2 protein chains.
Amino acid sequence: MSLRETPASPSAATLSTTLAERLRSAIMRGELVPGSKLVLDRIRASYGVSLSPLREALWRLESEGLVQAEDQRGYRVAPVSADNLAEVIRLRVELEGMAAREAILHGDAAWEGRILSSLHQLNRSRRGQRSPEEQEEWEQRHRAFHAELISACRMPLLQQFCETLHDQSDRYRRIFLKDHEPDRDVPAEHAAIADAMIGRRADDAARMLRDHIERTGRNIQAALRGPG
Amino acid sequence: MSLRETPASPSAATLSTTLAERLRSAIMRGELVPGSKLVLDRIRASYGVSLSPLREALWRLESEGLVQAEDQRGYRVAPVSADNLAEVIRLRVELEGMAAREAILHGDAAWEGRILSSLHQLNRSRRGQRSPEEQEEWEQRHRAFHAELISACRMPLLQQFCETLHDQSDRYRRIFLKDHEPDRDVPAEHAAIADAMIGRRADDAARMLRDHIERTGRNIQAALRGPG
DNA sequence: CTCCAAATAATAATCGATTATTTTGTGATC
DNA sequence: GATCACAAAATAATCGATTATTATTTGGAG
């Protein structure tokens, strides 16, 4: 249930936490392929850890929908499907829409500043960069920007749900739109959404957010149907 | 992420799964009090298990919002607060409302039958019974009834969210409305909701569901403010 | 050849012991 | 008396080995 957090007080990250992050990243990048079996002893060996923290890490990823677990039969990377993607997109639209409206109601000047700042950071890194580091940086900033939009909503559970759903749809995008030239001006969409949020134009913001999410969703759906 | 499931094929429940169920029940009943520390070695001893399955069980409950975990500092029963309850209620209204509308769109005759059947089961057991077994039975059937209402929505993630939120609000109700004479005709409310769902009156159903959830919410809020 | 059953191998789950970290207690200093 | 440093105790996290379960192979029987 934790928002991927820096602990309030400076306590050392546990091996299990570190491992969950590494595995999450591998799953999101598609390096661990959807539906594939996660053989405990193999992963244990390749990450150089013991079983206890590994199993804990997998349970955390299970709760984020990135891993499936079955008693006595082990774990596998969550499979992908058009139906699942459609639901993720639909829920993102509804929940991020709700969160955005709440954020507009409650947001203050500091919140506006954080939106502008994260938008700026995002625009300074370019998507579809050659180096994986740059790509990873863009991904991270993109996630941060979307999180900031709803950060003032005063509904931590809702933020949690949105983060989980966002991760799930990011995985689809990163796997199926691997080196896909965007057919639209994504930075402009981000800027317009930020502007509507700060300008407290709730209906505009919700509509643009919906379109933004759904457009990406349709592109992924097309790629998903195409090859697979 | 699993809907509390009977495994498709008959594989033995793991100790970790059983333990998670037992702990969930103890937390929901308020036997493990909100905010209290869960000292691993104490629980380990009292449940007669080893650390590994215990820790796994606690992580599962963390993902359901019933336990809080902090690296290197252990676990505690999720605390309660008016703010958290308000968010849980709000999200239940929104998400169960959405799920109900979808279920009305997609539900077939079999679904109608399941609703009527679970309503009947629910009415045959009486809430606020003297024996804990009867009370537990009512709780279980009440949960099943609400789950059945949205079971045709074809959105497994959404069902998952609803189940989690329902568990959370049930915990509040069971702790704060311990032996509380209901001030309203709850069975009639259930019957009316079931009727509207089956009759495909989506707006009616959503409104009655909202009122049903919010009324209970207000009662809990009152109790929460009162003593504590 | 196909089906079943037992044997074997592979894997998951659990345990008990060890190590690392945090919390509590104690005494010294100001 | 308050504050810090250190020691001791409590607790959390991890490991390596063991046990239980599932999956695979093998060897008949029909």
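Note that the structure is a prediction, hence the values are computed from the model and not measured. Proteins come first, then strands; the chains are lettered A, B, ... in the order of their sequence lines, and each starts at number 1.
Not counting sequence neighbours, A147(B) has no partner by the side chain to side chain contact (heavy atoms under 4.5 Å, CB included) test. Residues forming a side chain to side chain contact (heavy atoms under 4.5 Å, CB included) with S50(B) (at least two apart in sequence, or on another chain): S52(B), P53(B). In this view, Y47(B) satisfies the ring pair (Phe, Tyr, Trp, His ring centres under 6.0 Å) rule with no residue, not counting sequence neighbours.
Listed by first then second residue, pairs satisfying side-chain hydrogen bond (donor to acceptor under 3.5 Å, both in side chains) with a partner in residues 80-90 of chain B read E102(A)-R90(B), N84(B)-Y172(B), R90(B)-E94(B), not counting sequence neighbours.
Separating the CD1 atom of I43(A) from the P atom of dT11(C) is a distance of 12 Å, rounded to the nearest angstrom.
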For residues 35-42 of chain B, which side-chain donor-acceptor pairs fall under 3.5 Å, sequence neighbours excluded?
residue: S36(B); atom: OG; partner: V33(B); partner atom: O; Å: 2.7
residue: D41(B); atom: OD1; partner: R44(B); partner atom: NE; Å: 3.0

Hey, what are the protein-to-nucleotides 10-14 of chain D N/O distances that come in under 3.5 Å?
residue: dA12(D); atom: OP1; partner: K37(B); partner atom: NZ; Å: 3.1
residue: dA12(D); atom: OP2; partner: L40(B); partner atom: N; Å: 2.9
residue: dA13(D); atom: OP1; partner: Q72(B); partner atom: N; Å: 2.7
residue: dA13(D); atom: OP2; partner: R55(B); partner atom: NH1; Å: 2.5
residue: dA13(D); atom: OP2; partner: R55(B); partner atom: NH2; Å: 3.3
residue: dA13(D); atom: O3'; partner: T14(A); partner atom: OG1; Å: 2.8
residue: dT14(D); atom: OP1; partner: T14(A); partner atom: OG1; Å: 3.0
residue: dT14(D); atom: OP1; partner: L15(A); partner atom: N; Å: 2.2
residue: dT14(D); atom: OP2; partner: T14(A); partner atom: OG1; Å: 3.0

